[in-house]
Structure formats: structure tokens, C-alpha cells
A.B. asks: 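What follows is a single structure, and I will ask about it in a moment.
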Number of protein chains: 2
Amino acid sequence: MSLDHAILGFLADGDLSGYDIKTRCVDRDASHFWTADQAQVYRTLDRLESARYVTSKQKIQTGKPNRKVYRITRAGRVRLDDWLATSHALPPYRDPFLIQVYFGSELSDEALADVLERTRTQRQMRLSALRERATSHAMEVGSGADRAALMHRMTLDAAMAAERAAIDWLDDSLDTLRSLAAESGSQRQLFREDQA
Amino acid sequence: MSLDHAILGFLADGDLSGYDIKTRCVDRDASHFWTADQAQVYRTLDRLESARYVTSKQKIQTGKPNRKVYRITRAGRVRLDDWLATSHALPPYRDPFLIQVYFGSELSDEALADVLERTRTQRQMRLSALRERATSHAMEVGSGADRAALMHRMTLDAAMAAERAAIDWLDDSLDTLRSLAAESGSQRQLFREDQA
DNA sequence: CACCAATATAGGATAAAACATATATAAGGC
DNA sequence: GCCTTATATATGTTTTATCCTATATTGGTG
């Protein structure tokens, strides 16, 4: 469902082929809030065309395979605008990493800390990539930021905020784990102190 | 795949029926990081049994329908521990709400602000529910928090941190939208100042 | 000249998730 | 007496997403 509207959104700004949508839109512009593989994009376009939300035209190219260029219809615009203006229920939270943490007591302190640290590295890499994109976005639009550019920037900020929050939590949790390990390391001593 | 390991994790702590796993574990204990419907739970248990990661025994009950109680096998424990100790790739980011923001320039300032505000309300409700759970968790374990209880608490903290980050971002974005609306409201005046 | 990357679309197979329905018993409220 | 809730499991269907493979052309690299 969501991909339908994302594609309609991109087409609202101008005609595009499936290839354009996959490489330029989904993989580049929308990669920080949505992903879809090539098959999904083409099949979604087929579905949107059957439902008359988009139309297509063959563009004959020389030197390259022909393109099928899609255009949004009036019905497509209506559907997009309706969806955009609707407040949808929050999708359920789903984080496989938190399953690992929840059952983390099965592991040793070291093994668990290792998993957290690796996750932190991955999140940090993601955050760095987002920062780069935010910087280049700022360079492109300069001071004359139009409304669309501002919205795009806001989505980057949301993704960055989420990554930062995750990283901060990871740091806190790693601290907790370390003090836990230190505590259990001095267990015997603590026990003797209790007895005294 | 993740549900497989979550179920193995719950079974590692003791035998459970499909009904237990759905109502006690998934819907209550794990609801802040995973969801699954009843059909998914029963079918996953079938699959885990076929793969010999769990075994089952019929328990005859009087007054209630009979139960099928599952027990984790040695192979199941190995599989669980392997998975827990492995650092998995981050799942792709996917947030339908950010699709709405990305194409939000299609909407009026008011319509967009309304969508953000409603989302804020939903997030705030989720955060409140998480806070309640964290409080009752703290009450239950008291000062004698064992390792498992600490991990459970950490997952609640992660979920709360994510909600707080989302709410902060929503507040910032709503501020931005409001100043944008104020700016465009005084557009004519600004234009005259530019001319002067 | 073989191989690979880029351009461009499409379909088969499978996995994961969501939605709906069926079946059966007992307790409690209206 | 009827309806709802709780207990308990199972299957059918559809949607969404992922993975893999097929097809076809051009240009560049080794």
C-alpha cells in the first residue's frame, strides 16, 4: 500500500519510467524511509495502471532498450492527496534486534556487549550517511529552499533523530552492561562485605 | 524468521502452549518490539516442530479445551543461542508516515500540520503506555533485579527512547511549519520590504 | 574478444504478514 | 435463555516483500 502512494508521489512531480523510479527515486531519494526491489516497483506500476491511477506510453530509444513512461491520472492525484491528508494508524513496532536484547540474558556479558557494539557501528554508519545526504541536500537547495525541499529535509532529520536516539540508548546500555560485569567480577568481595 | 527466535526464546524459559505464547508472551511481554497474530504463532510452532527445534505434548484438560504444550529441544537451544550471539544486518528503514511528510508539499500547511499533530498524539499515547509498563516492571522486580529483568527493562527503554525522539522531531517540525505559515502570511509585506 | 556495468522490463518462486473463518467448551452477565 | 468473554487450536486466502532468473542492447575495460 505505502509503495503505491510513494510511486504516485514521485509521478505527481513528473513522468517517470519504472527504471527511473527504482534507481533515482526509491534507491536514492527515498532510501532513508522506504525500500523496494525492482520487481516490486514494476509490479506496483502494473497494478496502478490496471486501477487507472497511472497511464503508460512506450518511448522508443536508440542505443538503449525502450522505456515505458508512466504518467499519473486525475484519479491517481485524488488518491494520493486523500492518502497524504489522512492520519494513518502507527505501524506496529518491530525490531528484531530488541528480540536479541530481550533474551540477551542467555548470553555472556561479553557476547551481548559484542552484539550491541556491532549494532552501534552499523547505526553510526547509517547516521554518517544520512549526515552526508543532509549536507549535500543543503548545498543543492542553498538558501532558496522551497516547500518540497524543506519536507525532504525534514524526513532526513527524522531518520537522523531516530539513529541518534538508537545510538544513545546503545551507549547507555553498554555502560549498564559494563558496570554489571564489573559488579559480578567483584562478587566475592561484595559477599564478604555483606557478611562483615 | 524473527518470530521463530522469539518463540524459541520464550520456550527456553519454560514450556508453553500456543495460546500462552500468543496471549502472555507476544501480546503482553513482547508487544513493544514484536507483533504477530494467532495464525502466525500456531504456524510457526508447527514449523519449529517439523524442524525438531521443539516437541509437543497434548495436555488433557477438563472444563477447558485441551492444550498442546511445546518444549524446546537441544537443537532449538543451539539455534537460539547462535542467533542471539550473531550480529544481524540492520533491517531496512520503513516508515509510511515519512512518505506522507516527503510528499507533504502537496498539502496545505494546515492539512500537513494536522497529520503531524495526530501522529504526535498517537506517539504520545504509545509513550505513556510504555512508561506505565516500565513503572510496573520496576515495581515487580524491585531492587533485586536479575539479569533477565534488566534486559527486559532495556528493551522498554529502547522503545521509549525511539518514541521520545519521534515526538521531539514532530515538535520541531510543527514549529517549522508554523513559522513557514506565518512567513507566507506576511508574504506581501516581505515583498514590499524587498522592493524598498 | 570476453566480461562486466548500465539501461530497461518482466515473471516465477518463496517467505512473511495480515485477515478471516471454523470449531469447541465453560463461565458470567443481562 | 442469549450474548459475550476466555480458553484453545487450525485452516484458507490474500497481500506484501524478497530472491532469483530471463531477456535485450550498448559501451567500456582488461
Side-chain angles (χ1 to χ4, degrees), chain A residues 1-7 15-28 30-31 33-51 54-70 83 88-96 99, chain B residues 1-7 15-28 30-31 33-51 54-70 83 88-96 99:
Chain A
M1 284 286 96
S2 294
L3 182 62
D4 294 40
H5 300 103
I7 287 177
D15 300 353
L16 295 163
S17 69
Y19 188 80
D20 294 333
I21 290 170
K22 170 59 178 156
T23 57
R24 292 220 298 271
C25 304
V26 175
D27 286 354
R28 206 190 53 196
S31 61
F33 59 82
W34 208 260
T35 58
D37 78 347
Q38 177 255 68
Q40 230 188 317
V41 169
Y42 282 104
R43 274 195 266 244
T44 302
L45 283 167
D46 281 348
R47 200 155 26 81
L48 290 173
E49 191 170 21
S50 306
V54 303
T55 56
S56 69
K57 263 185 197 166
Q58 279 281 338
K59 295 269 153 142
I60 282 94
Q61 297 193 123
T62 50
K64 290 174 187 174
N66 295 337
R67 290 155 58 84
K68 214 168 150 185
V69 177
Y70 290 88
W83 185 82
H88 307 282
L90 290 180
Y93 227 86
R94 220 174 242 146
D95 188 347
I99 301 180
Chain B
M1 285 285 96
S2 293
L3 183 61
D4 294 40
H5 300 102
I7 288 178
D15 299 353
L16 295 163
S17 71
Y19 188 78
D20 294 334
I21 290 170
K22 169 60 178 155
T23 55
R24 292 221 299 270
C25 304
V26 174
D27 286 353
R28 207 189 53 195
S31 61
F33 58 83
W34 208 260
T35 57
D37 78 348
Q38 178 254 68
Q40 232 187 315
V41 169
Y42 281 103
R43 273 196 264 245
T44 302
L45 283 167
D46 282 348
R47 202 155 25 82
L48 290 173
E49 191 171 21
S50 307
V54 303
T55 57
S56 70
K57 264 185 195 164
Q58 279 282 338
K59 296 266 153 145
I60 282 95
Q61 298 194 123
T62 51
K64 291 175 188 175
N66 295 337
R67 289 155 58 82
K68 213 168 150 185
V69 177
Y70 290 88
W83 185 81
H88 307 282
L90 290 180
Y93 227 85
R94 219 175 241 145
D95 188 347
I99 300 180

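In what follows, chains carry the letters A, B, and so on, assigned in the order in which the sequence lines appear, proteins first and then strands, with residues in each chain numbered from 1.
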A.B. asks: Quick one: are A/V26 and A/Q40 in side-chain contact, heavy atoms under 4.5 Å?
C.D. replies: no
A.B. asks: D/dT9 P sits how many Å from B/I60 CD1, rounded?
C.D. replies: 12 Å
A.B. asks: Rounded to the Å, how far apart are B/L45 CG and D/dT11 P?
C.D. replies: 13 Å
A.B. asks: Report each atom pair, protein N/O against N/O of nucleotides 5-8 of chain C, whose distance is under 3.5 angstrom.
C.D. replies:
| unit_1 | atom_1 | unit_2 | atom_2 | d |
| --- | --- | --- | --- | --- |
| C/dT7 | OP2 | A/Y19 | OH | 2.6 |
| C/dT7 | O5' | A/Y19 | OH | 3.2 |
| C/dA8 | OP1 | A/Q61 | OE1 | 3.2 |
| C/dA8 | OP1 | A/Q61 | NE2 | 2.6 |
| C/dA8 | OP2 | A/R67 | NH1 | 3.4 |

A.B. asks: Output the distance between atom CG (A/L45) and atom CD1 (A/I21), rounded to the nearest 0.5 Å.
C.D. replies: 4.5 Å
A.B. asks: Grab the OH-C1' distance between B/Y93 and D/dA17 for me, whole Å please.
C.D. replies: 20 Å
A.B. asks: Starting from P on D/dC19, measure out to CD on A/Q40 and report it in whole angstrom.
C.D. replies: 11 Å
A.B. asks: With heavy atoms under 4.0 Å as the rule, sort A/A39 into base, sugar-phosphate or nothing.
C.D. replies: base
A.B. asks: Think A/R94 has a side-chain N or O under 4.0 angstrom from the OP1 or OP2 of D/dA17?
C.D. replies: no
A.B. asks: Whole angstroms only, please: what is the CZ-C1' distance between A/R43 and D/dT15?
C.D. replies: 12 Å
A.B. asks: Taking everything shown except B/R28 itself, do over 12 heavy atoms lie less than 6.0 Å from its CZ?
C.D. replies: yes
A.B. asks: Hey, are the side chains of A/P96 and B/W34 touching, using non-hydrogen atoms and a 4.5 Å cut-off?
C.D. replies: yes
A.B. asks: Rounding to an integer number of Å, can you tell me how far A/D37 CG sits from D/dA17 P?
C.D. replies: 10 Å
A.B. asks: What's the CG-P distance between B/L16 and D/dT9, to the nearest Å?
C.D. replies: 11 Å
A.B. asks: Check the distance between D/dA8's P and B/K59's NZ and give it to me in whole angstrom.
C.D. replies: 13 Å
